[in-house]
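Beneath this line is the structure, given in structure tokens, with notes to follow.
We number each residue from 1, following the sequence as shown. Basis for what follows: all heavy atoms, side chains included, without hydrogens, waters or symmetry-related copies.
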Amino acid sequence: QVQLVESGGGLVQVGGSLRLSCAASGRTFSSGTMGWFRQAPGKERESVAAIRWGDRYRYYADAVKGRFTISGNNAKDTVYLQMDSLKPEDTAVYYCAGKTAGVIKSSWHREDQYGYWGQGTQVTVSS
């Protein structure tokens, strides 16, 4: 059974930081891609960041560039999302996603590229 388990969410003030973690088990993504998506209340789920393990290339959504950093250890099937300078609009449930192959620039942001998902962790940024 494949599981992706997120942790690290919580309540933080504007301008603060949080670090999300995601650990995969049951299947390895070490030669594929792991990413983060988020869904705010009343909105569709959107891409946040992804890392392609083969060359460790990182993708970011425009809304988080310069503030969020994706990293991880592909040998341990673990991915992190360091979130700095948080804004109220970053409030959402954050989901970890896994793909057993690499992604490309034109499609990394698409949900249908990822076959495995975590249950999500809530991030709330208060003003």
Side-chain angles (χ1 to χ4, degrees):
Q1 181 182 1
V2 180
Q3 283 191 310
L4 278 69
V5 179
E6 304 98 336
S7 61
L11 175 65
V12 64
Q13 291 188 330
V14 169
S17 298
L18 279 176
R19 188 192 195 210
L20 305 183
S21 300
C22 172
S25 62
R27 183 162 194 139
T28 183
F29 299 95
S30 61
S31 59
T33 304
M34 293 185 77
W36 290 94
F37 288 71
R38 67 186 182 185
Q39 187 167 22
K43 295 187 176 182
E44 293 186 351
R45 190 153 59 181
E46 62 179 7
S47 58
V48 175
I51 183 166
R52 185 174 63 202
W53 291 125
D55 56 2
R56 303 190 75 84
Y57 193 89
R58 295 165 170 81
Y59 299 93
Y60 294 97
D62 288 343
V64 306
K65 278 181 183 177
R67 299 188 299 121
F68 290 12
T69 303
I70 188 169
S71 64
N73 185 330
N74 60 323
K76 295 184 177 181
D77 286 309
T78 302
V79 66
Y80 307 104
L81 186 68
Q82 176 67 40
M83 304 185 295
D84 298 318
S85 303
L86 283 161
K87 305 175 181 180
E89 51 264 43
D90 295 318
T91 294
V93 177
Y94 283 71
Y95 297 91
C96 177
K99 176 180 171 68
T100 55
V103 289
I104 59 176
K105 185 177 180 180
S106 62
S107 62
W108 77 270
H109 61 285
R110 289 170 44 183
E111 290 186 51
D112 63 1
Q113 293 294 299
Y114 301 82
Y116 302 92
W117 293 85
Q119 292 300 306
T121 184
Q122 176 71 47
V123 171
T124 303
V125 184
S126 67
S127 55

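To the nearest 0.5 angstrom, Gln82 atom CD is 9.0 Å from Leu20 atom CG. Taking OG1 from Thr121 and CH2 from Trp36, the interatomic distance works out to 7.5 Å, rounded to the nearest 0.5 Å. Atom CD of Glu111 sits about 10.0 Å away from atom CD of Glu46, to the nearest 0.5 Å. Atoms NZ and OG, from Lys87 and Ser127 in turn, are 13.5 Å apart once rounded to the nearest 0.5 Å. Once rounded to the nearest 0.5 Å, the distance linking OG of Ser30 with CH2 of Trp53 reads 9.5 Å. For the atom pair CZ of Arg19 and CG of Asp84, the computed distance is 11.0 Å after rounding to the nearest 0.5 Å.
Note on Lys65 versus Asp62: salt bridge recorded, some NZ/NE/NH1/NH2 to OD/OE distance being below 4.0 Å.
In this structure the side chain of Val64 never reaches within 4.5 angstrom of the side chain of Leu81, judged on heavy atoms. Looking only at side-chain heavy atoms (C-beta outward), Thr91 and Gln122 come within less than 4.5 Å of each other. Between Tyr94 and Glu6 the shortest side-chain heavy-atom distance does not fall below 4.5 Å. By the 4.5 Å heavy-atom criterion applied to side chains, Met83 and Arg67 are not counted as neighbours. Side-chain contact between Phe29 and Thr100 is present, with at least one heavy-atom pair separated by less than 4.5 Å. Using a 4.5 Å heavy-atom cutoff, the side chains of Lys105 and Tyr57 are not in contact. Side chains of Leu18 and Phe68 form no contact here, defined as non-hydrogen atoms less than 4.5 Å apart.
For the pair Arg45 (side chain) and Phe37 (backbone), a donor-acceptor distance under 3.5 Å is absent.
Below 30°, between 30° and 60°, or above 60°: for Trp108 and Tyr59 the angle between ring planes is below 30°, a parallel geometry.
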inquiry  = With side-chain contact (heavy atoms from CB on, under 4.5 Å) as the criterion, how do Thr33 and Tyr114 come out once you've worked through the C-alpha distance, each side chain's angles and the decisive distance to 0.1 Å?
reply    = CA-CA 8 Å; Thr33 304; Tyr114 301 82; 4.0 Å; yes
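Here the closest heavy-atom approach between residue Leu4 and residue Val2 is recorded as CD1-CG1, 3.9 Å. Contact record, Ser71 with Val79: O-CG2, 3.2 Å, taken as the closest heavy-atom pair.
Under 3.5 Å, the side chains of Asp77 and Thr28 contain a donor-acceptor pair of N or O atoms. Side chains of Tyr116 and Arg27: a donor on one and an acceptor on the other come within 3.5 Å.
A side chain to side chain contact (heavy atoms under 4.5 Å, CB included) with Asn74 is found for one member of Arg52, Met34, Arg56 and no other, namely Arg56.
By the rule that hydrophobic residues join a cluster once side-chain heavy atoms approach within less than 4.5 Å of another member, Leu86 and Val48 end up as members of one cluster. Taking hydrophobic clusters as Ile, Leu, Val, Met, Phe, Trp and Tyr residues chained together by side-chain heavy-atom distances below 4.5 Å, Trp117 shares a cluster with Val103. Hydrophobic clustering, with ILVMFWY side chains joined whenever heavy atoms are under 4.5 angstrom apart, keeps Leu11 apart from Val123.
For residues 84-127, the disulfide bond (SG atoms under 2.5 Å apart) pairs, not counting sequence neighbours, are Cys22-Cys96.
Partners of Ser126 according to the side chain to side chain donor-acceptor pair (under 3.5 Å) rule, which considers only residues two or more places apart in sequence or in another chain, do not exist here.
Residue Glu89 places its CD atom among more than 12 non-hydrogen atoms of other residues, nucleotides or ligands, all under 6.0 Å distant.
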